[in-house]
Student: 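Below is the structure I would like to discuss, written out as structure tokens.
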Number of protein chains: 2
Amino acid sequence: MMILGLVRWMQPVHGYDVRRELLSWNADRWANVQPGSIYHALRKLTQEGLLREVATEQVGARPARTTYEITAKGEDEFETLLRGLWWRLHEPQDPFAAAFSFLPALPRDEASAALRNRANQLRAGVEWMRSSLNSDWLRTTKPVHVAWMFELWTDRAEVEIAWCERIAGRIDEGLPYLPEGLDKAQGWTAWEERLPERGSTLE
Amino acid sequence: MMILGLVRWMQPVHGYDVRRELLSWNADRWANVQPGSIYHALRKLTQEGLLREVATEQVGARPARTTYEITAKGEDEFETLLRGLWWRLHEPQDPFAAAFSFLPALPRDEASAALRNRANQLRAGVEWMRSSLNSDWLRTTKPVHVAWMFELWTDRAEVEIAWCERIAGRIDEGLPYLPEGLDKAQGWTAWEERLPERGSTLE
DNA sequence: AGCGTATTAGACAAGTTTGACTAGAGCGGC
DNA sequence: GCCGCTCTAGTCAAACTTGTCTAATACGCT
């Protein structure tokens with residue numbers, strides 16, 4: 001749990017603060033933490049004894065806000081959790097991989113176009129990160145490892161851009177999807193490539 | 001929904017078949033589909049009219065199995081879903097990124113050791129994929145784009161290996177985590193680096 | 001024949017995540 | 001002075017995931 005770690009260094013915090021911090025990191029994209037989950041997580045962690053409620057103040061007639069703090073037990077748990085994430089390889093789950101595995105369901109020209117489009121979107125992302133890396137904002141107000149993280153992301157993106165172009169090229173070349181000798185045998189019939197003629201199955 | 005796509009080309013299938021196929025792809029790792037979710041998904045898709053029950057046969061006294069098939073509406077929905085995944089960039093969510101953002105919570109030597117260890121695990125993965133790529137099994141019985149997928153994964157892994165070593169080096173060098181002038185001001189105190197003295201907070 | 005184990009299909013409850021909603025406060029513009 | 005908008009802080013039901021359980025059959029082994 002990411003939340004635990006955040007509370008750990010923002011102590012004492014209330015849920016809304018955590019939420020803002022997470023959003024400012026865009027963490028809703030690369031961690032599985034949507035604003036809605038935060039309060040549930042806080043309560044669950046408290047009930048497990050990893051967090052402790054510290055105060056419940058109310059400003060004006062706004063919703064009361066509860067402030068949390070980490071306990072010794074929570075500190076401990078956080079460490080083992082963190083170590084687990086650092087030492088064990090958890091492959092990230094990639095929605096595009098899922099989509100790509102259905103490649104033959106798309107007409108060839110669309111597939112290669114989409115890949116090139118993807119390459120461009122990645123390029124835009126790289127561009128944005130590059131400019132962040134050169135900005136004073138990042139260099140002077142954020143810990144250095146944020147920049148390191150960006151480095152990883154740009155590196156990955158660059159490799160993926162190259163891959164997209166390469167694969168798009170192969171698709172354009174018309175390389176067959178299925179290996180020889182397995183062409184239509186073996187129940188792969190349903191894999192049958194979407195041919196460029198449209199309008200037959202629609203409707 | 002991935003399930004929808006699977007049903008689409010295995011028609012007609014029953015849940016258990018889908019499950020096996022998913023497991024054989026190791027899809028429980030890179031898609032968010034655990035065996036348990038399948039039956040629920042099938043029922044939900046049926047109820048939404050994207051799938052249709054085709055038969056419910058029973059072999060012996062085993063649990064009855066229900067066979068599904070995709071409907072025209074499902075076909076349609078699958079296409080828009082697929083297009084969404086192909087054309088729009090959805091960043092994968094990476095648990096390691098989450099862990100890495102808490103870098104200062106780990107002693108430097110452990111952090112760099114973990115990074116090098118990660119590099120090695122990645123190397124092992126690359127190795128495995130390489131040998132798969134050269135195996136006949138993959139070349140003769142699987143569609144070509146499976147191999148292409150592997151290419152992406154190995155490329156990504158290689159970049160990440162380099163990154164791990166690079167960052168581990170920087171950590172060893174003792175580069176400070178926080179930028180100048182922000183050293184301990186600004187409430188970053190809690191970020192304070194874990195010093196190598198152990199045993200104080202333990203227990 | 002007898003025994004242990006793997007396979008087949010799926011049910012199910014418990015736990016998580018999510019998006020939508022609430023309702024007052026402050027604030028800028030006209 | 002008032003209107004509309006965004007910000008604050010959090011609730012909530014609905015949807016989704018997950019791990020675990022069942023219970024019969026088949027299969028290998030001695």
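Letters A, B, ... are given to chains in the order of the sequence lines, protein chains preceding strands, and every chain is numbered from 1. What you see below is based on every heavy atom in this structure, not just the backbone, and it leaves out hydrogens, waters and symmetry mates.
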Student: In the 5'-to-3' direction, what one-character label does each nucleotide of nucleotides 9-19 of chain C receive under the scheme B = base within less than 4.0 Å of a protein heavy atom, S = sugar-phosphate only, - = no such atom?
Tutor: BBS----SBBB
Student: Rounded to whole Å, how long is the line connecting atom CG of D28(B) with atom C1' of dG19(D)?
Tutor: 13 Å
Student: Check whether any side-chain heavy atom of E48(B) sits under 4.5 Å from a side-chain heavy atom of K73(B), and report yes or no.
Tutor: no
Student: To check you understand the geometry: which heavy-atom pair defines the closest contact between L4(A) and G74(A), and what is its length?
Tutor: CD2-O, 3.8 Å
Student: Rounding to a whole Å, what distance do you find between E21(B):CD and dT8(C):P?
Tutor: 14 Å
Student: Quick check: does any side chain N or O of S37(A) sit under 3.5 Å from a backbone N or O of V33(A), one acting as donor and the other as acceptor?
Tutor: no
Student: Could you check whether any side-chain heavy atom of L6(B) comes within less than 4.5 Å of a side-chain heavy atom of D17(B), counting everything from C-beta outward?
Tutor: no
Student: Among all residues two or more places apart in sequence or in another chain, which pass the side-chain hydrogen bond (donor to acceptor under 3.5 Å, both in side chains) test with T46(B)?
Tutor: none
